[in-house]
Protein chains: 2
Amino acid sequence: MARKTSRLQEELKQTKPFSSIYQEASLSILKTADVFRRDTARFLEPYEITPQQYNVLRILRGAGAEGIPTLAIGERLLEETPGMTRLLDRMEFKSLVRRVRCEKDRRQVLCYLTEEGARLLASLDPLVEAVDQKMAAGLTPDEAETLVELLEKIRETRQ
Amino acid sequence: MARKTSRLQEELKQTKPFSSIYQEASLSILKTADVFRRDTARFLEPYEITPQQYNVLRILRGAGAEGIPTLAIGERLLEETPGMTRLLDRMEFKSLVRRVRCEKDRRQVLCYLTEEGARLLASLDPLVEAVDQKMAAGLTPDEAETLVELLEKIRETRQ
DNA sequence: CGACATTAGTTGACGCGTCAAGCATTTTGT
DNA sequence: ACAAAATGCTTGACGCGTCAACTAATGTCG
């Protein structure tokens, strides 16, 4: 079951070979995601905004004028999280977001993009597009399609 | 360039289609990595150890009796980090790790696995194997191989 | 040898994930 | 209508990543 020495192994300075192709695949996924995450963070840094905050901005734009309740934002992120409140606190402090207690259901707090938030987001759009497009240098569209399908298969069988 | 509605889109409750296959691929990678990360964390939880700590245990086992300097551990993780010190603080507190200032080069601090750390790690090995193997339910070995190759191509073109 | 840079590690501050506990505000069941 | 459960959100505590500033030890070079 031992596999030949791979590039990922060198990247991690590992001495022992992977015990299975599945182990290598899972590490490869984690490593690649990490590269992406950090790449995005680095490029957003000058704008003093984190990847999570950027994602929230996009979701709020999608919600439009009706707004969206706090926790519903979490469901649309990669990860649903009770940390939403504090994340929004910071964004409200920076005037990127506005929050109002909902009158229909007073448990909810509706969130909206501010003018400033919308402006920032608009200026970021083309830059983010460019980051994703960097992938095109290494992968043909067909290969990207295959990748998406394989990853989908993995997620389907989990949970 | 707009793409057909995909499963990932539903998962994220997105209204707009992905603007490119590359955008979908990058989100898919992040999402899948997140599923893995959380899956592993959940299964390690009963042992009161985090995925990062588990990785450090494995690296220390690899280093063996000679030990390994603090920051060298970081280089072998997915992510090199100045947070190593504090991570090791917590592990030392739990008696999983032992640290000694190196006499050859007094700047370095060599880290070792304790007996207890080694025992914990040994008992975890088969369980981790099982987690990776869950992937086999959704992917043939050939598909996993393809996946690894595609991800490698992406990482190659990034920096 | 002495100024200077480099290297290894530590520490502080802050963002974010995650769990658990707690508080209002509905909703549900009888 | 009233108690109990569910829902939406907030807060506290802690783990970890990340940047920047700092100390101590080692190297380098005139």
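Every chain is numbered from 1, with letters handed out A, B, ... down the list of sequences.
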Legend entry - Given I68(A), V100(A), V97(A), the one that forms side chain to side chain contact (heavy atoms under 4.5 Å, CB included) with Y112(A):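 Answer after filtering I68(A), V100(A), V97(A): V100(A).
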
Inset, instruction - Could you pull out all residues at least two apart from R106(B) that satisfy salt bridge (charged side-chain N to carboxylate O under 4.0 Å, His left out)? - result: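 Only E103(B) meet the salt bridge (charged side-chain N to carboxylate O under 4.0 Å, His left out) criterion with R106(B).
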
Inset, instruction - Could you pull out all residues at least two apart from R107(B) that satisfy salt bridge (charged side-chain N to carboxylate O under 4.0 Å, His left out)? - result: D105(B)

Basic-acidic side-chain contact under 4.0 Å: [X], [Y]:
X: R155(B); Y: D34(A); result: no
X: D89(A); Y: R86(A); result: no
X: R99(A); Y: E92(A); result: yes

Rounded off to whole Å, could you give me the [atom1]-to-[atom2] distance for the [X] and [N] pair?
X: E75(B); N: dA8(C); atom1: CD; atom2: C1'; value: 11 Å
X: R42(B); N: dC19(C); atom1: CZ; atom2: C1'; value: 13 Å
X: E103(A); N: dG8(D); atom1: CD; atom2: P; value: 17 Å
X: K104(A); N: dA24(C); atom1: NZ; atom2: C1'; value: 20 Å
X: D105(B); N: dT7(C); atom1: CG; atom2: C1'; value: 8 Å
X: E92(B); N: dG9(C); atom1: CD; atom2: P; value: 14 Å

Inset, instruction - Tell me, please, which residues at least two apart from L139(B) pass side chain to side chain contact (heavy atoms under 4.5 Å, CB included). - result: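 Side chain to side chain contact (heavy atoms under 4.5 Å, CB included) list for L139(B), sorted by chain: Y22(A), L150(A), K153(A), I154(A), M135(B), E143(B), A144(B), L147(B).
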
Legend entry - Where at least one partner belongs to residues 113-126 of chain B, residue pairs that pass side chain to side chain donor-acceptor pair (under 3.5 Å), sequence neighbours excluded: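 Sorted pair list: R61(B)-D125(B).
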
Close N or O pairs between protein and nucleotides 3-7 of chain D (under 3.5 Å):
residue	atom	partner	partner atom	Å
dT7(D)	O4'	R107(A)	NH1	3.4
dT7(D)	O2	R107(A)	NH1	3.2

For nucleotides 10-18 of chain C, give me every protein contact, N/O to N/O, under 3.5 Å, one pair per line with atom names.
residue	atom	partner	partner atom	Å
dT10(C)	OP2	T85(B)	OG1	2.7
dG12(C)	N7	R86(B)	NH1	2.9
dG12(C)	O6	R86(B)	NH2	2.8
dA13(C)	N6	R86(B)	NH2	3.4
dC16(C)	OP1	T50(A)	OG1	2.1
dC16(C)	OP1	Q53(A)	NE2	3.2
dC16(C)	OP2	Q53(A)	NE2	3.2
dC16(C)	OP2	R90(A)	NE	2.6
dC16(C)	OP2	R90(A)	NH2	2.9
dG17(C)	OP1	Q52(A)	NE2	2.9

